[in-house]
Amino acid sequence: MSNLLLKNFSLSLTKKRDFDAEINKILSDNPSRALFVNITEKPKKRSLPANSIQHVWYKQIGEFSATDTKTAAAECKIDFGLPIILSDPDIGPVIGYSLDKALFSDMPREKQIKYIQIIQITSLMNTKQHSQYRENILYFWNTAGLNLSYDEKG
């Protein structure tokens, strides 16, 4: 008998096909079992502390690299956020197309930093992507000699 659990499936129009396939497999493997389905609104993508941590880190990175917080945030979005978002099968092609049309990859770094400030990157991430984003920032900067902390006092 197959696993009857399909918990916390993130259902959207773009993921409906995967959902249907999972449901069909469960029903096929268990044709005589009555099942109960409950669909609820998805909770927020991530907690406020996750957002707070990244902003604390931007300040610490800015101080360490002798730049301002906005520039540190933009650089993190470019260096750590874009690769994650561009690899997302739903969002990546849209953001990639926009960046290609703006000739983003041909811009000098200073212009990229200004441009990326008007593009949503981290707010488009799901919890797993945002965790990866923070882990990549933490690893890079800790390797570079900056001991990033979670303490809001820095």
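Here the structure is a predicted model, which means the values were calculated and not measured. All residue numbers refer to positions in the sequence shown, counting from 1.
- Taking NZ from Lys25 and CG from Asn30, the interatomic distance works out to 9.0 Å, rounded to the nearest 0.5 Å.
- Rounded to the nearest 0.5 Å, atoms CD (Gln112) and CG (Leu82) are 8.5 Å apart.
- Taking 4.5 Å as the limit, every side-chain heavy atom of Lys114 sits out of range of all side-chain heavy atoms of Met107.
- Counting non-hydrogen atoms of neighbouring residues, nucleotides and ligands closer than 6.0 angstrom, the CZ atom of Arg109 exceeds 12 such neighbours.
- With rounding to the nearest 0.5 Å, the separation of OG in Ser32 from CG in Leu27 is 11.0 Å.
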Exercise for the section: Could you give me the CA-CA distance, side-chain angles and deciding distance for Gln54 and His130, then say whether side-chain contact (heavy atoms from CB on, under 4.5 Å) is met? Expected result: CA-CA 10 Å; Gln54 81 185 34; His130 199 268; 2.4 Å; yes

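- Side-chain contact between Trp141 and Gln60 is absent, with no heavy atoms from C-beta onward closer than 4.5 Å.
- Using a 30° and 60° split on the angle between ring planes, His55 and Tyr58 fall in the perpendicular class, above 60°.
- Here Glu75 contributes atom CD and Ile61 contributes atom CD1; the two are 9.0 Å apart, rounded to the nearest 0.5 Å.
- Residues Phe64 and Leu148 are not in side-chain contact: their nearest non-hydrogen atoms beyond the backbone lie 4.5 Å or more apart.
- Distance check, rounded to the nearest 0.5 Å: CD1 of Ile137 to CD of Gln132 gives 10.5 Å.
- The same ILVMFWY cluster, assembled from side-chain heavy atoms under 4.5 Å apart, contains both Leu86 and Phe80.
- Taking the six-membered ring where the residue is Trp, Tyr115 and Phe104 present tilted rings, their angle falling between 30° and 60°.
- Inter-residue side-chain proximity for Ile119 and Ser98 is flagged as unmet; no heavy-atom pair is nearer than 4.5 Å.
- For Cys76 against Tyr133, the heavy-atom pair with the smallest separation is CB-OH, 3.3 Å.
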Exercise for the section: Apply the test side-chain contact (heavy atoms from CB on, under 4.5 Å) to residues Asn126 and Gln129: give CA-CA distance (whole Å), side-chain angles for both, the deciding distance (0.1 Å), then the verdict. Expected result: CA-CA 5 Å; Asn126 61 34; Gln129 291 168 329; 3.2 Å; yes

Practice task
Check the pair Val56, Ile53 against side-chain contact (heavy atoms from CB on, under 4.5 Å), reporting the backbone distance first and the verdict last.
Solution key: CA-CA 5 Å; Val56 169; Ile53 288 168; 5.7 Å; no

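- Ile118 and Leu103 sit in two unconnected hydrophobic clusters of ILVMFWY residues. Membership requires side-chain heavy atoms under 4.5 Å apart, directly or through other members.
- Contact record, Ala72 with Gly62: CB-N, 3.8 Å, taken as the closest heavy-atom pair.
- No path of Ile, Leu, Val, Met, Phe, Trp and Tyr side chains, each step under 4.5 Å between heavy atoms, connects Val94 with Ile121, placing them in separate hydrophobic clusters.
- Taking CG from Leu124 and CD1 from Ile91, the interatomic distance works out to 5.0 Å, rounded to the nearest 0.5 Å.
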